[in-house]
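Note on naming: letters A, B, ... go to the chains in the order of the sequence lines (proteins, then strands), and numbering restarts at 1 for each one. Nothing here was measured: the structure is a model prediction, and the numbers come from that model.
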Amino acid sequence: MKKQIQELLLQSLAVLESKEIIPASNDLVIKIENSRGSKHGDFASNIAMTLAKTAKTNPRQLAQNIIDKLPESDVLERVEIAGPGFINFFLKQNAHQATVIDILNKGHQYGDSIVGANTPTLIEFVSANPTGPLHIGHGRGAAYGAAVASLLKKTGFDVSCEYYINDAGRQMDILAISVWLRYLQHSGTDVPFAENAYQGDYITDIAVKLHNEHAGEFILPAESFIALFKEEDPELKIDSLIKYCIDNLGEENYRIVFDAGLDSILITIKNDLIGFGVEFDNWFSERSLVESNTVKQCIAKLIKNDWVYEKDGAQWFRSSKLGDEKDRVLIRENGQATYFASDVAYHLNKVERGFEKIIDVWGADHHGYIARVKASMQALALSPEKLEILLVQFATLYRGKEKLQMSTRSGEFITLKELQDEVGKDAARFFYIMRKSEQHLDFDLELAKSESNDNPVYYIQYAHARICSVFRQLAEKGIKYQQAVALKDVSSLNEPHEIKLLATLARYPDVIENAAITYEPHQLAYYLRDLANDFHTYYNANQFLVEDDVVRNARLTLIAATKQVIRNGLSLLSVSSPEVM
RNA sequence: GCCCUGGUAGCUCAGCUGGAUAGAGCGUCCCCCUCCUAAGGGGAAGGCCAGAGGUUCGAAUCCUCUUCAGGGCACCA
């Protein structure tokens, strides 16, 4: 509808340009907005006000000129000038009514758009280190990333979802050591546990399983390495344990212990995500980048173009030349590549796979990282503007007034699974995206669980269930309803609440498109709340199952359309649309 | 110190990227089931949009400064 009005305005302006009432311009942006109150019509444009200056005339006069040259249209009832020079458009009733037909014809495709033009798009999210189960903090990234991906798919982007597995760094070695120590303890070896290792019970579970499959194979005499525990610095202690373990267990055996931890945790993560309604097209291993020498090749490329220098035995990337605060280390003094080096290679790989739009969803604590990754892309001539980094603030969990704390190392945290078991997938998914992503989120468990109108998820779902209920009543009463027939006459939809509901339904495609291109799924959440509200209001004000066949049928098409849109919207957020509540 | 975020009703937050009287939910107060699910609806009260300048026809929105809150500034990931 907006596009139609835009087109009309464009034609009018073309006439005015030809008469030199306004100067010719080729980059004219015509903004049409949904009016807030109905007295300002259905749509409004401020075009006269923005053009008034260059046209050297006053806005109201110009608005009148524009209106005079507006072509005939069968959707417009009338057009008015208001305020300082707004042009308000009032739609004909049947233009409103037509949305019902549009929605029911398109069904689950209502709201789809092609703005994405099949752009190959990669969205990487969650990517939590596989050192433990996903917790509450990861949940937000998962819900947000998945919602953005769904929105982009709906708007015509060719989307691929990816999880980057950090299976190559020191954290993973610490995990391996954690498993190994628990394994020894389980085998009856008397060894202490390192305070910096992962404390969670899941480590023991993995160790027990490893023991069942490889009893005795990875035991080393405690007295041969017990001295390592005397080291005061916990970081140095764990590093020496890692080294000892690799040297004495042998690469091959160490790898078995390592993989036991990695594989087990990865399976848990995958299952938790599936349960949460989040699925990935690809699980990308960091180790694969190292083993395929991509990281080395990448650094070689940087060296060749003089982006790297040596200082204090380390290899530095000249990121400060490309907008970063300082230069960054690629290869440490000890010869190990940094996480950043892998990331440079990873982004090179993303571009080489042909993605035009590359989206990374990161925790807000990584924001200092943006400049260096963009710098690396620039150095490799990879057009950094392809990369879009979306930051997600952490969620703070509350149980009523009580704030719940957590930390991964100590093993004291609430897992995503536990959250889901407690509040359910629907509430969890919805609450996570309800707030703008860069905003801190207070997640109240009590509220998410409450089956009351405090809870927006139930409010929206209830609207859906109520509509289903109406159709059940219809069947019980033996009233005939055929959608195709009913759609032939919807001209009775003239009640104020009906017009309001129709207008909200008509907004849906705009909401989807805007939510997608701004990466703001919360817009959809708010919209659905509005829609549910309009429906509930209508429900209370008007009876649907009335005597008059034509009126009843028309109303039923309207609520069927409402049901369809609620369903479409909720499914994008992976929230169910229950038929009964 | 430098760099990000944010400050809007008592509370939690929107505000369509510069528009018309600033909007929801919760909480408070009043009203509505002989009627398709009251997990609902209607109404009232509640605001110096943190503060000060600036940009222009017009600012919660854009720019500068101040202030407060959270986060980030590794040869960790």
Side-chain angles (χ1 to χ4, degrees), chain A residues 31 33-37 39-40 44-46 49-50 52-53 58-59 82-86 88 128-129 131 166 168-172 174 235 286 311-316 325-326 328-340 342-343 363-371 391 393-394 396 434-436 438-442 444 447 450-459 461-463 465-474 476-477 497 507 510-511 514-515 518 520 522-523 525-527 529-530 532-533 535-546 555-556 559 580-581:
Chain A
K31 214 176 120 189
E33 44 189 70
N34 296 346
S35 299
R36 239 182 311 173
K39 48 182 156 305
H40 293 133
S45 177
N46 62 354
M49 281 139 79
T50 54
K53 193 187 255 179
N58 80 68
F86 287 104
N88 291 336
N129 283 350
T131 54
N166 291 116
R170 192 176 87 106
Q171 294 304 319
M172 291 308 298
I174 296 175
E235 298 294 333
E286 178 186 7
K311 193 182 87 181
D312 304 331
Q315 300 292 319
W316 296 73
E325 287 174 357
K326 51 176 286 193
R328 308 290 174 177
V329 172
L330 289 165
I331 308 284
R332 287 188 264 163
E333 192 185 2
N334 66 10
Q336 284 199 316
T338 58
Y339 171 84
F340 172 58
S342 302
D343 235 14
D365 56 333
H366 280 61
H367 94 261
Y369 226 80
I370 298 174
L391 297 180
Q393 284 285 356
F394 294 121
T396 317
M434 207 163 55
R435 300 282 174 248
K436 227 194 305 192
E438 63 263 35
Q439 192 90 282
H440 286 275
L441 172 70
D442 289 334
D444 186 345
L447 182 60
S450 77
E451 296 192 356
S452 71
N453 45 356
D454 310 8
N455 193 329
V457 192
Y458 287 114
Y459 182 84
Q461 289 180 323
Y462 182 47
R466 264 184 154 178
I467 295 169
C468 295
S469 176
V470 171
F471 281 97
R472 281 194 298 273
Q473 285 283 325
L474 185 71
E476 275 171 32
K477 290 182 179 171
H497 292 309
R507 257 172 60 209
D510 272 351
V511 171
N514 205 44
T518 56
E520 292 184 346
H522 75 274
Q523 287 188 24
Y526 277 90
Y527 167 83
R529 222 251 150 224
D530 278 354
N533 182 26
F535 168 75
H536 287 307
T537 305
Y538 178 38
Y539 183 98
N540 275 281
N542 299 80
Q543 185 83 13
F544 308 141
L545 301 178
V546 292
R555 289 183 176 176
L556 288 171
I559 64 169
V580 187
M581 282 176 77

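The two residues A/M434 and A/H522 come nearest to each other via the heavy atoms O-CB, 3.4 Å. Smallest separation of non-hydrogen atoms from A/L545 and A/K477: CD1-NZ, 4.2 Å.
When heavy atoms are screened at a 4.0 angstrom cut-off, A/V511 is found touching no nucleic acid atom at all. A/D312 comes within contact range of at least one nucleobase, with a heavy-atom separation under 4.0 Å. Contact annotation for A/Q473: backbone-only contact, meaning every heavy-atom pair under 4.0 Å involves sugar-phosphate atoms and none involves a base. Contact annotation for A/A465: base contact, defined as any heavy-atom pair under 4.0 Å involving a base atom. Nucleic acid contact class of A/T537 (heavy atoms, under 4.0 Å, all strands): sugar-phosphate only. Across all strands, A/Y539 comes closer than 4.0 Å to base atoms (heavy-atom distances). If you check every strand for non-hydrogen atoms under 4.0 Å, A/A463 touches nothing. A/D343 comes within 4.0 angstrom of no nucleic acid atom, judged by non-hydrogen atoms across all strands. A/F340 comes within 4.0 angstrom of no nucleic acid atom, judged by non-hydrogen atoms across all strands. Residue A/A371 is out of contact with every strand shown, counting any heavy-atom pair closer than 4.0 Å.
In this model, the phosphate group of B/U5 is not approached by any side-chain N or O of A/K436 to a distance below 4.0 Å at OP1 or OP2. Of the side-chain N and O atoms in A/R328, none sit less than 4.0 angstrom from OP1 or OP2 of B/C73. OP1 or OP2 of B/G25 has not a single side-chain nitrogen or oxygen of A/Y458 nearer than 4.0 Å. At the phosphate of B/A14, neither OP1 nor OP2 sits under 4.0 Å from any side-chain N or O atom of A/R529. Remark: A/Q439 is in phosphate contact with B/A14, judged by side-chain N or O atoms under 4.0 Å from OP1 or OP2. For B/G41, the OP1/OP2 oxygens have no side-chain nitrogen or oxygen of A/H497 closer than 4.0 Å.
Here the nucleotide nearest the side chain of A/E333, chosen from B/G41, B/G25, B/C75, is B/C75. Distance from the side chain of A/E33 is smallest to B/G19 among B/G19, B/C76, B/G72. Among the nucleotides B/G72, B/A14, B/C36, the one closest to any side-chain atom of A/H367 is B/G72. Ranking B/G40, B/C13, B/G72 by closeness to the A/N540 side chain, first place goes to B/G40. Considering only the side chain of A/H40, B/U21 comes nearest among B/U21, B/G40, B/C3. Nearest nucleotide to the side chain of A/K326, out of B/C36, B/G72, B/A74: B/A74. Side-chain proximity of A/V329 to B/C36, B/G72, B/C75: nearest is B/C75. Listed nucleotides: B/C75, B/C36, B/G19. Nearest to the side chain of A/F86: B/G19. Side-chain proximity of A/H522 to B/A14, B/A77, B/C75: nearest is B/A14. When distances run from any side-chain atom of A/K31 to the nucleotides B/C75, B/G6, B/U17, the shortest one goes to B/U17.
Taking the centre of each ring, A/Y459 and A/H536 come in below the 6.0 Å mark.
Under the Watson-Crick or G-U wobble criterion, with both distances below 3.5 Å, B/C2 is paired with B/G72. Pairing partner, B/A52: B/U64, with both Watson-Crick or wobble hydrogen-bond distances short of 3.5 Å. Nucleotide B/C35 is matched to nothing when pairs are restricted to Watson-Crick or G-U wobble geometry with both distances under 3.5 angstrom. In this structure B/A9 sits in no base pair that meets the Watson-Crick or G-U test at under 3.5 Å.
If you take atom C1' in B/U21 and the same atom in B/G47, they sit 13 Å apart, rounded to whole Å. Across the C1' atoms, B/A39 and B/C57 are found 49 Å apart, a figure rounded to whole Å. Nucleotides B/C48 and B/U5 have their P atoms positioned 27 Å apart, rounded to a whole Å. Annotation: B/A69 and B/C29 have their P atoms spaced 35 Å apart (nearest Å). Straight-line distance between the P atoms of B/C11 and B/G51: roughly 15 Å, to the nearest whole Å. Nucleotides B/U64 and B/G27 have their C1' atoms positioned 39 Å apart, rounded to a whole Å.
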Every protein N/O lying under 3.5 Å from an N/O of nucleotides 43-47 of chain B:
none

Scan nucleotides 57-59 of chain B against the protein and return all N/O pairs shorter than 3.5 Å with their distances rounded to 0.1 Å.
residue : atom : partner : partner atom : Å
B/C57   : OP1  : A/K53   : NZ           : 3.2

Would A/I559 and A/F535 count as a side chain to side chain contact (heavy atoms under 4.5 Å, CB included) if you check the C-alpha gap in whole Å, the side-chain angles of each, and the deciding distance to 0.1 Å?
CA-CA 8 Å; A/I559 64 169; A/F535 168 75; 3.7 Å; yes
Can you check side chain to side chain contact (heavy atoms under 4.5 Å, CB included) on A/Y538 and A/R555, steps first, answer last?
CA-CA 10 Å; A/Y538 178 38; A/R555 289 183 176 176; 3.2 Å; yes
Does the salt bridge (Lys or Arg N to Asp or Glu O under 4.0 Å) test come out yes or no for A/E235 and A/R170, once each step is laid out?
CA-CA 11 Å; A/E235 298 294 333; A/R170 192 176 87 106; 2.4 Å; yes
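Classification of the A/Y369-A/H366 ring pair by plane angle, with boundaries at 30° and 60°, yields tilted.
The line from OG1 of A/T537 to CG of A/N542 is 10.5 Å long, rounded to the nearest 0.5 Å.
In this structure A/D343 satisfies the salt bridge (charged side-chain N to carboxylate O under 4.0 Å, His left out) test with no other residue, sequence neighbours excluded.
Classified by its glycosidic torsion, B/U64 falls in the anti category, the angle being over 90° from 0. A syn orientation is assigned to B/C33, its glycosidic angle lying within 90° of 0.
Side-chain polar atoms of A/Q171 and A/T131 form no donor-acceptor pair below 3.5 angstrom.
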